[in-house]
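What follows is a short report on a single structure.
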Amino acid sequence: MEPAVLETENLVKVYGRGANRFDALKGLTLEIRRGESVAVIGKSGSGKSTLMHLMALLDRPSQGVVALNGRPVSELKNKEIHKLRNESFGFVFQQFFLNPNQTVLENVVLPLKIAGVAKRERNRRGMEALERLEMADKAKNKATDLSGGQKQRACIARALVTSPSVIFADEPTGNLDSNTSEVVEEILFGLQREQGITLVIVTHDDDLAAKCDRRIYLKDGEIVQAEEIHADSAGAPAQGTTGGEREDTSTGAHVAPAPQYPATEPWAAPADSDGPKHREEGTR
Amino acid sequence: MKATDVVTTALGNTMRSKARTILTVIAIFIGAFTLTLTSGLGVGINQYVDRALEGFGDQDQIYVQKIADQTETTSQGPQKYDPDEAASDGMFGGMPMLSEGDIETVRGIDGVESVDPTVFVSATYLEAQNGDQYRLTLGAPGQSGSLEYAAGESPARDADEITIPSTWLDALGYDDAEAAVGETVKVGMTNVVGEEQDFDATISGVTDEMISGAGADPVPSSSFNEKLYDYQVSGGPDDTPQAYIAATAVVPDLDQQNQVKTDLSDEGMLGMTFEDQLGAIRGVINAVTWVLNGFALIALLAAAFGIVNTLLMSVQERTREIGLMKSLGMSPGKIFGLFSSEAVLIGLIGSLIGVGGGVLVGTVANAALTGEGGALSSVAGLTLYGIAPVQLLGIVVLIMVIAFIAGTLPAARAARKDPIEALRYE
């Protein structure tokens, strides 16, 4: 069995105090092994995004330990954590978060720019990542000129450009139609299979979750069900996913898309975003 | 992120919302432009004053005057008349005079090389070798050291030497300045009873007239001047007691000048260096300049708030971008650096255009006003606008510092943004 790349032990995250106290996570212990794909599933308020933020070192737990490659990171200095996140993690967001004023290539090389890589080198690596995603011909285009699927591929290229060991994907197909979703899923799982990149996907899309090696169901800040199927049976209808939680998440997702952003939104937010999936921390 | 990347990224960001950046730059421009004009005005006027007074004195000279004795001028009824004291302590048009004794006292002060009492010699004529006689007004010997010479040098202190202006060469019958040096002229004098006598003097140098007017008249050496003066006051029934309006003391060691001034003050005399006299004028000009600069600084202060406003909007708009950069591992310090660089860049662009525009307008206005046919062209040598490179650089740096300070609030706000909060898409 592969060693654990990410571990959490008794992870607790509390927002607010007194009457406003909200326990987003109530003592989570889990292990994500190198090269596997894990889906974190739960409805709004289940704590799945909080879990992802803690594992991605974007936030610090109220209690408990997060360990990367067997090494606890909670005690690390901020500076080291920034560096670790830059080098070890890639992020794919539902909203893409591409800078509309920059070219696709400039967007893709942003993590390298932050890491202080020289321009020539980062452009070379950026083009490499774009070629891998068959986006090289779009390198000089403005990010706004891309279709939804192309935007997400640009995002994946950006996540890939630092050669990370873990890619965190937050509803990576949430803004894509089903055909494009399949292409993007194929790319993500291809990276996992061929390059051994660990995938942590936060979703409430059951089709996407079903393709992962393992699923972790969260409800009210606790793991209600963790199950594992082997990679060779990925894609087959998963057993044991008929719990009530699963019903909730599947019916909660993909309701009629409601445009949430005015056209003037400066950030490249797509107009067809889903329901408010990240409201877990809404009570902060 | 590398420093160069921070700067280029900041530059790209300032160009993103062009209208807003341009408006903020205009505010900075107005401040920088005004500051460049007002400070340039101070430089120009000071340059004019320096030039106008050039040739009237040397650095090593201290101008000595008698300080009025306060007990004598108080209005406590009439003073008792004392013929001896009245002669040496006499007043000239209300000004206290230096007596021979005072001159000796000054001569005795440590550090004083020589003292020349200021005397007014009215020469009758100057006679050239060809026998022609010309009316003569003599310059003060003290200024000979700071004149501009077309040929030769200043008259030696103890020799019967004199300089002549270059404009006199033709009339005196010399081919050029070099030819005049070493030649002898006669200076005619008339004494108290109307007797005439002439004195030979060697031409030590030929002077060019300066903007201040110095060098337009022949200047004798100190001893020659005294010799002429002695004859001028001779022939009277009695030796008139000598009294002088002022004297010029030469103190070669500049470090000793302050001590000499203190000693003079102890002896009831006032000593002023040439710099002191200039300083009084400069003080007034600088005070006026700083009042004007104050207005420009107020404009800059207003512009600084423009920067704060612009960047706060920018931070608000780019919340997601900041969140993304932070989640990709950019430290709060670098985020701060990115936004404060934007502020400094806006300041730099505004100040460069403003300083450039100020120099251009100042120079053109100066040429139009003081040049040929300008409103102020009758004032010879007047400059209203001067360029001091160090000062201009100082203005640019000052504005960049102001811009940086203005940028700290928005930049700190950007640096504090929580990446999770920033990436939420509600």
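Numbered from 1 within each chain, the chains take letters A, B, ... in sequence-line order.
Shortest non-hydrogen contact noted between B:Lys326 and A:Arg85 is O-NH2, 2.5 Å. Minimum interatomic distance between B:Pro332 and A:His82 (heavy atoms only, all atoms of both residues): CD-NE2, 3.3 Å.
Of the listed residues (B:Asn13, B:Thr4, B:Thr9), the one with the most heavy-atom contacts under 4.5 Å to chain A is B:Thr9. Ranked by heavy-atom pairs shorter than 4.5 Å toward chain B, the options A:Leu57, A:Asn86, A:Asn78 are led by A:Asn86. Of the listed residues A:Lys119, A:Glu106, A:Gln102, A:Lys113, the one with more heavy-atom pairs under 4.5 angstrom with chain B than any other is A:Lys113. No other option in B:Ala3, B:Ser331, B:Ser327 has as many heavy-atom pairs under 4.5 Å with chain A as B:Ser327.
Other residues, nucleotides and ligands place no more than 12 heavy atoms under 6.0 Å from the CZ atom of B:Arg413. At most 12 non-hydrogen atoms from other residues, nucleotides or ligands lie less than 6.0 angstrom from CD of A:Gln63. Within 6.0 Å of atom NZ in A:Lys83, 12 or fewer heavy atoms from other residues, nucleotides or ligands are found, so the atom counts as exposed in its surroundings.
The shortest distance between side-chain heavy atoms of B:Asp5 and A:Arg122 falls below 4.5 Å. Contact of the A:Leu110 side chain with the B:Met330 side chain is not registered, since no non-hydrogen atoms from C-beta on lie closer than 4.5 Å.
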Item to check | Residues A:Phe93, B:Leu324; criterion side-chain contact (heavy atoms from CB on, under 4.5 Å); working and verdict | outcome: CA-CA 10 Å; A:Phe93 304 95; B:Leu324 177 71; 3.5 Å; yes

Item to check | From CA spacing to verdict: side-chain contact (heavy atoms from CB on, under 4.5 Å), A:Arg158, B:Leu328 | outcome: CA-CA 10 Å; A:Arg158 181 176 65 196; B:Leu328 294 181; 4.3 Å; yes

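Contacts between A:Ala118 and chain B at a heavy-atom distance below 4.5 Å involve backbone atoms as well as side-chain atoms.
Checking side-chain atoms of B:Arg320 against main-chain N and O of A:Asn99 turns up no donor-acceptor pair under 3.5 Å.
Atom CG of residue A:Leu58 and atom CD of residue B:Glu421 lie 12.5 Å apart, to the nearest 0.5 angstrom.
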